[in-house]
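Lettering of chains follows the sequences in order, A, B, ..., and the numbering in each one begins at 1.
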Number of protein chains: 2
Amino acid sequence: MLAQEMIDAMSKRGLRVTDQRRTLARLFAEAPGYLSAKDVYEEMGKTYGGLSFDTVYRNLRVLQEMDVLEQFVFEDGVKFKAHCREHGHHHHAICLHCEKTYAVPFCPLDIQVELPQGFNVVKHKFELFGYCEACGPQAEAGGAER
Amino acid sequence: MLAQEMIDAMSKRGLRVTDQRRTLARLFAEAPGYLSAKDVYEEMGKTYGGLSFDTVYRNLRVLQEMDVLEQFVFEDGVKFKAHCREHGHHHHAICLHCEKTYAVPFCPLDIQVELPQGFNVVKHKFELFGYCEACGPQAEAGGAER
DNA sequence: GTCTCTGCAAATCATTTGCAGGCTG
DNA sequence: CAGCCTGCAAATGATTTGCAGAGAC
């Protein structure tokens, strides 16, 4: 999602477009992968002095609530990325090195999965973790999810 | 897993078998689903006075490190349950009402999933959330994973 | 008796909230 | 100008750690 689209989305819902939010939008528009609150704080701090942590949290939450950002609970904490533009139901392959996500159009539930007797599925998760083509070569050893 | 098995596992690795750990083992052996650190603290407090939170955390961590307990990161926090005895690779269907887990023998990766170009899968998650047969009827409305 | 385990209290760490002044529309 | 947004500081909640005494083997 482009920074401008995010800003428009905020503006459309009556939110103020501040310097911070502009910077935040740009940051996520350019980020290759997920960012934690701390990542955002540190990144924004570079181009934007006198920033406070709570404002970062507040904005992340606001943007997530209006579906501009996607939140993902990793084992080592919560991270965010711009909402993916992919349409239709899909899942993700997440690179453990660059944390970039790739769409996986396949959904396990589209085929007949043998469920427990009488189990009524409401929601599901299907995620692949590994190394993408670009990171594969140099990511031999290191880079765990945590 | 039976309480006695858990206790034996601890004993075998040179850990002391204390009242607390016995109680903890019994608790997990009987628990139908996942328990958070707080759940454990509250449950154990009932049958075991003068208990401290940090000891609960310590024991949960120790038991998890020796694969007696399984840790699961829910969106509303970390929870534990006795390691499932199911053999072979499998996934889980988790009831949002009772939090009991059911084995799902199917694995999406066993069939040809179309992966992103050059993506090398290291790890994957596949989980179903919903209501089990027992909870289905009365769980109409409420009980989200949060 | 030795070494691990426990409770207590204090330290972290991530996240949230109250408040008064600053900036956007 | 009114109301939302921000920084500051303090509150909160979850988890960890240091320490000295209690209990397991």
Within the structure shown, what part of the strands sits under 4.0 Å from A:T55 by heavy-atom distance: base, sugar-phosphate, or nothing? base
B:N59 CG to D:dG23 C1', straight-line distance once rounded to whole Å: 14 Å
Going by an N to O cut-off under 4.0 Å, is there a salt bridge joining B:E5 and B:R85? yes
Whole angstrom is fine here: how far is it from CD in B:E42 over to P in D:dG13? 13 Å
Provide, to the nearest angstrom, the distance between the OH atom belonging to B:Y57 and the P atom belonging to D:dT16. 7 Å
By nearest atom, which of the nucleotides C:dT15, D:dT16, C:dG25 is closest to the A:A37 side chain? C:dT15
Quick one: A:M10 CE to D:dG3 P, roughly how many Å, whole number? 23 Å
Quickly work out the B:Q20 CD to C:dT4 P distance and round it to whole Å. 18 Å
Using whole Å, report how far CG of A:L60 lies from C1' of D:dT6. 15 Å
Would you mind classifying the nucleic acid contact of A:G50 as base, sugar-phosphate or nothing, using non-hydrogen atoms under 4.0 angstrom? sugar-phosphate
What's B:D54 touching, base or sugar-phosphate or nothing? Going by heavy atoms closer than 4.0 Å. base
Please report, rounded to the nearest Å, how far the P atom of C:dG7 is from the CZ atom of B:F53. 13 Å
Please tell me which of the listed nucleotides, D:dT16, C:dA14, C:dC5, lies nearest to the side chain of B:L15? C:dC5
Could you check whether B:K79 makes a cation-pi contact with B:F72, meaning its NZ or CZ is under 6.0 Å from the centre of the six-membered ring and within 45° of the ring axis? no
Using a 4.0 Å heavy-atom cut-off, does A:G14 contact any base of the nucleic acid, only the sugar-phosphate backbone, or nothing at all? nothing
Could you check which of C:dG7, C:dG25, C:dC5 has an atom nearest any side-chain atom of B:Y48? C:dG7
How are the rings of B:H97 and B:Y131 set to each other: parallel, tilted or perpendicular (split at 30° and 60°)? tilted
For the side chain of A:R16, starting at C-beta, report the closest nucleotide among C:dG25, D:dC8, D:dT15. C:dG25
To the side chain of A:S52, which of D:dC25, C:dT6, D:dC8 is closest? D:dC8
Taking 4.0 Å as the cut-off, does a side-chain nitrogen or oxygen of A:T18 come that near to OP1 or OP2 on D:dC4? no
Counting the atoms with a prime plus P, OP1 and OP2 as sugar-phosphate, which does A:R21 contact under 4.0 Å by heavy atoms, base, sugar-phosphate, or nothing? sugar-phosphate
Identified side-chain contact (heavy atoms from CB on, under 4.5 Å) counterpart of B:T23 within the set B:L51, B:T18, B:T47: B:T47
Centroid-centroid distance, A:H124 to A:H89, less than 6.0 Å: yes
Rounded to whole Å, the CZ-P distance (A:R58 to D:dA9) equals 14 Å
